[in-house]
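Worksheet for the structure shown next.
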Protein chains: 2
Amino acid sequence: MVDQERAADVIARDLERRIITGELPDNSPLPAEKDLGQEYGASRTVIREVITALTNRGMLENRPRFRPVVKKPGFDAAFNTVGSIVQHLINAQEGVETLFQSRVFLERALVREAAIRAQSSDIRELRAALQANKEAIDSSEDFYKTDIEFHRVFYAIPGNPIFTSLHEAYTQWLAAHWVKMERSPERNARNYESHKAIFEAILDRDADAAESLLERHLEQAWEQVKGTFNV
Amino acid sequence: MVDQERAADVIARDLERRIITGELPDNSPLPAEKDLGQEYGASRTVIREVITALTNRGMLENRPRFRPVVKKPGFDAAFNTVGSIVQHLINAQEGVETLFQSRVFLERALVREAAIRAQSSDIRELRAALQANKEAIDSSEDFYKTDIEFHRVFYAIPGNPIFTSLHEAYTQWLAAHWVKMERSPERNARNYESHKAIFEAILDRDADAAESLLERHLEQAWEQVKGTFNV
DNA sequence: TTACGCATTTTTGTCATACAATACAGGATT
DNA sequence: AATCCTGTATTGTATGACAAAAATGCGTAA
């Protein structure tokens, strides 16, 4: 006894196909519900269901009362759709900690990789990010940005788009907790020093040192974030 | 100029909350559309949209004509919702390769971690998995399972549920390509030997060796998978 | 020409209603 | 108790309606 499919599922599959193949171009608006209905011989009711389904899968972007916009999915879209779930999961301290620890784990590996395989262009990027970091020590908002940017470089080095998307996702998911962190020029300076130490370990091609420096750096950050829970 | 929300979005948020808090228990059926409609003062149309939305976010499981079933989301649910996107992304060879490389990267880090920090219970699990692996060399189906199981142990060692969910996700996403791989007792034996070598490096607490053995092991697997593209 | 403002037309969000097909629950039958 | 039968409840889908907002087209001003 096979579950018979809903009309909406069939149409959704076909629309997905059309989006993937580019027949419906990225960033273009979807045809009107009425037209889609005619094309597929279905009622607006069904088309509407299709649209909400694809919206939640990240293949359409749908502001109320505007035409849905086609989004050809990339790995970043994938992580975006997860967003709402993760948001719920990290409401408990345990959730944030789990997420943060996974980040620490991955980033340790990324830093190690950087120490071993970073090319001169990567080094340049790191140096630039570090410099920007230094210059922003006295500006609490800017420092946050340059801080993130410095870490982002590590996610970019392997050249795998999944990691860059993942960095986006991590920073978004953890942002809420991060911004609550106390900021001060002194703290910023200490963070900058950590970054600098990591950078130098990478220049020395000392993977073990780089990794453990990063670990310590993130653990310190975590201690601060954790403080924001028990307020 | 705030986008005014749709009724469906408001109700969806509230239902999410009720699912998270357990007011709607995990695995229980959702109330009938009509009843939800009455409770929220909305038409069936709207309730229906809410249901498709939550279904696509992985908080409901919805077989046609049956009551949707509440699924309290965990990190595994998160990866499941990503599934449909990833499926599309990996249709091109480039996509699979990207995904596979990310797996290699993560798993290298996991193996290194195992070599450094594995506890006796972890070692026992590895040994058991390896043993099962050996016994399945002559059975093409079973070997596949024990193969996966051996790798799974590494994802479990850090004790972070994100990694175990991620292992599930990887194996599901890559399964389609994996099963096409040629299987033979000889190949199985070779894979077993690779596993054994990795295990022994871990026993020796030799992280570098374990990592590079794993890398080689996975690269070999990749060569085989890659072969299935140009057929 | 370009830019802006306004009136007209579409389109979306929501509701109500309808009906066929299917699942479900309760009773009758074995 | 297990099985079948039947009536009811529920889902999937269609149609029509309407208000509110967006898109469109057009005429006028800069």
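Throughout, a chain's letter reflects where its sequence line sits, starting with A, and its residues are numbered from 1.
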Original post:
Can you find a donor-acceptor pair, distance only, under 3.5 Å between A:Arg44 side chain and D:dG16 base?
Top reply: no
**OP:** Consider the side chain of A:Ser43, meaning its heavy atoms from C-beta on, and name the nucleotide among D:dT13, D:dT11, D:dG12 that approaches it most closely.
**Re:** D:dT13
Original post:
Just by modelled atom types, is the A:Glu23 backbone N or O under 3.5 Å from a matching donor or acceptor in the A:Arg18 side chain?
Top reply: no
Subject >> Exceeds 12 heavy-atom contacts within 6.0 angstrom, atom CD of B:Glu223 >> reply: yes
Subject >> Aromatic ring pairing A:His167/A:Tyr155, orientation class (parallel under 30°, perpendicular over 60°, tilted between) >> reply: tilted
**OP:** May I ask you to decide if the ring planes of B:His195 and B:His151 are parallel, tilted or perpendicular, using 30° and 60° as cut-offs?
**Re:** perpendicular
Original post:
For B:Leu36 and D:dT10, what is the distance between atoms CG and C1' respectively, to the nearest whole Å?
Top reply: 12 Å
Original post:
For the pair made of CZ in A:Arg48 and P in D:dT15, what is the distance, rounded to whole Å?
Top reply: 16 Å
Original post:
Between C:dG13, D:dT10, C:dA21, which one does the side chain of B:Arg65 approach most closely?
Top reply: C:dA21
Subject >> d(CZ, B:Arg63; C1', D:dT10) in whole Å >> reply: 15 Å
**OP:** Kindly point out which of C:dG13, D:dA14, D:dT11 is positioned nearest to the side chain of A:Ala42?
**Re:** D:dA14
**OP:** Please state how far atom CD in A:Gln38 lies from atom P in C:dT10, giving the value in whole angstrom units.
**Re:** 14 Å
**OP:** Select one nucleotide: of D:dA23, D:dT11, D:dA14, the one nearest the side-chain heavy atoms of A:Phe66.
**Re:** D:dA23
Original post:
Which is true for B:Gly41 with a 4.0 Å heavy-atom rule: it touches a base, it touches only sugar-phosphate, or it touches nothing?
Top reply: sugar-phosphate
Original post:
Within the structure shown, what part of the strands sits under 4.0 Å from A:Glu33 by heavy-atom distance: base, sugar-phosphate, or nothing?
Top reply: sugar-phosphate
Subject >> Options C:dT14, D:dT15, C:dG13, nucleotide nearest the side-chain atoms of A:Thr45 >> reply: D:dT15
Original post:
Looking at B:Arg67, does any N or O in its side chain come under 4.0 Å of the phosphate oxygens OP1/OP2 on D:dT11?
Top reply: yes
